[in-house]
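Encoded as structure tokens, the structure appears first; notes follow it.
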Amino acid sequence: SDNVTLDILSVISITSQPDAEGGDEYGAQTLTVSPATPNGTTEIDLSTGSFSDFARAVEYTLTPVSTVVVNFALVGGRGGAGESNDGGIDSPGGDGGRANGKVTLQKGYSYKLIVGTEGQRLGGVRTGSPGPRGIDGGGLGSAGGGDGGGFTGLFVTSATHENALLIAGGGGGAASGGRVGGAGGGLEGADANGAGGGTQTGGGPGYYFSYDALYAFMNGRELRGGDAQGYLNEDPSGSWVYADNEQDGGGGGGGYYGGGAGRGDSNTSPGAFGGGGGSGYLHPTLVSDGTFGTSDNVGDGRATLSKVS
């Protein structure tokens, strides 16, 4: 892939990385977590082993007792499946992306962690407001198309694009009729038959990107995927009602920048298209030993925290 130059203002200035072997400055490897995790944990002690008991689409606040370096292994949620035309096997959504790295959690700061969900199979006919489906940014699929998968991300102070530290992108939702969604990133989310994946500098274009404002809801943007085709009579000034076409598009995956959404079609040819995957992210100065890419994740996202040995 092409190199990408990032010009991002660091939220925290770190002049030296704390020694990972211990010391007065950061001796305890303990974090408080709120709300409690599914097993009732409110305090995570990484000296006893890794920890991954997090619910999906919940904003957790992590607060270190003292400055500590933590390994984060994040995986985004897979995109939702699309309906088969012939009652056979569903079209699969794109796999979630992966992001790993060491992050120095500083005493006196709080951090936000969100774990992405797998996109809903068959988005259904929805009314009300446009997406995303949840705080993890998966875009909405239309009727027989799947929702985009949610990102899994770590942020400092607040869960905003500007405060992102580490993100694994969600996979794009599949279309009905056999077309899959794009995988989450990684440096970039994967494209899906005309719906673009998110990048380091912008959201993936929806299938009808060239129509400008009329289909702007299909484009990915900061932290969220685009929503599949569905304004009633394709009029964005009207009520938000998903059209139930013969073929239905998939939503874009959530990410640092979300993937674009796929088109629907009243005919099987050319048919509907899946959504693009969301991009991942590694902060250029606050994450060390970072790696990211695609994974083989086929369900909800995951976040695993472990001590630096």
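Within the 3.5 Å criterion, the main-chain N or O of Tyr257 finds no donor-acceptor partner in the side chain of Arg221. Side-chain atoms of Asn219 come within 3.5 Å of backbone N or O of Gly206 as a donor-acceptor pair. Judged by distance alone, with hydrogens and angles left aside, the side-chain atoms of Ser176 form a donor-acceptor pair with the main-chain N or O of Asp248 at under 3.5 Å. Listed for the Asn71 side chain is a donor-acceptor partner under 3.5 Å among the backbone atoms of Lys307. A distance-only check finds no donor-acceptor pair linking the side chain of Thr41 to the backbone of Glu43 [under 3.5 Å]. Proximity of a side-chain donor or acceptor of Gln120 to a complementary backbone N or O of Gly146 within less than 3.5 Å is not detected. Checking side-chain atoms of Arg179 against main-chain N and O of Ala272 turns up a donor-acceptor pair under 3.5 Å. Checked by atom type and distance alone, the side chain of His283 never pairs as donor or acceptor with a backbone atom of Ala164 at under 3.5 Å. Asn163 places no side-chain N or O within 3.5 Å of a backbone atom of Phe155 that could act as its donor or acceptor partner. Checking side-chain atoms of Asp147 against main-chain N and O of Gly141 turns up a donor-acceptor pair under 3.5 Å.
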Let me see the working for Arg302 and Ser52 under side-chain contact (heavy atoms from CB on, under 4.5 Å), right down to the final yes or no. CA-CA 7 Å; Arg302 301 187 302 274; Ser52 59; over 6 Å; no
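Nearest approach of Ser91 to Ala174, heavy atoms of both residues: O-CB, 3.3 Å. Nearest heavy atoms, Leu305 versus Leu46: O-CD2, 3.7 Å. Listed here is the closest heavy atom pair of Lys102 and Asp289: NZ-OD2, 3.0 Å. Among all heavy-atom pairs drawn from Phe292 and Arg98, the shortest one is CB-O, 2.8 Å. Shown here for Pro35 and Glu59, the closest heavy-atom pair between the two residues is CD-O, 3.6 Å. Residue Leu74 comes nearest to Ala168 through the heavy atom pair O-CB, 3.6 Å, listed as atom of the first residue, atom of the second, then distance.
Separation of atoms CZ (Phe72) and OG (Ser306) is listed at 9.0 Å; rounding is to 0.5 Å. Annotation: the span from His161 atom NE2 to Tyr256 atom OH amounts to 4.0 Å, rounded to 0.5 Å. Here the CD1-CZ distance, from Ile44 to Phe51, works out to 4.5 Å after rounding to the nearest 0.5 Å. The CG atom of Leu31 sits 12.0 Å away from the OG atom of Ser110 when rounded to the nearest 0.5 Å. For the atom pair CD of Glu118 and CG of Asp95, the computed distance is 10.0 Å after rounding to the nearest 0.5 Å. Within the model, atoms OH of Tyr60 and CG of Leu113 stand 8.5 Å from one another, a figure rounded to the nearest 0.5 Å.
The side-chain contact (heavy atoms from CB on, under 4.5 Å) with Val33 is formed by just one residue from the set Leu62, Thr63, Thr61; it is Leu62.
Between Leu154 and Val103, some side-chain heavy-atom pair lies under the 4.5 Å cut-off. Using a 4.5 Å cut-off on side-chain heavy atoms (C-beta onward), Thr160 and Leu223 make no contact. Between Glu162 and Glu222 the shortest side-chain heavy-atom distance falls below 4.5 Å. Counting heavy atoms from C-beta on, the side chains of Lys107 and Val65 never come closer than 4.5 Å. For the pair Arg78/Pro92, a side-chain contact is recorded, criterion being any heavy-atom separation below 4.5 Å from C-beta on. Residues Tyr111 and Pro64 form a side-chain contact, since some pair of their non-hydrogen atoms from C-beta on lies under 4.5 Å apart.
Residues Asp53 and Thr37 bring a donor and an acceptor atom of their side chains to less than 3.5 Å of each other.
Leu105 and Leu282 end up in the same hydrophobic cluster when Ile, Leu, Val, Met, Phe, Trp and Tyr side chains are linked at under 4.5 Å. The cluster map of Ile, Leu, Val, Met, Phe, Trp and Tyr, joined by side-chain heavy atoms under 4.5 Å apart, puts Val115 and Val70 in the same cluster.
Taking a cutoff of 4.0 Å between a charged side-chain nitrogen and a carboxylate oxygen, Asp227 and Arg224 qualify as a salt bridge.
Under the rule for a side-chain contact (heavy atoms from CB on, under 4.5 Å), Asp191 has no partner lying at least two apart in sequence or in another chain.
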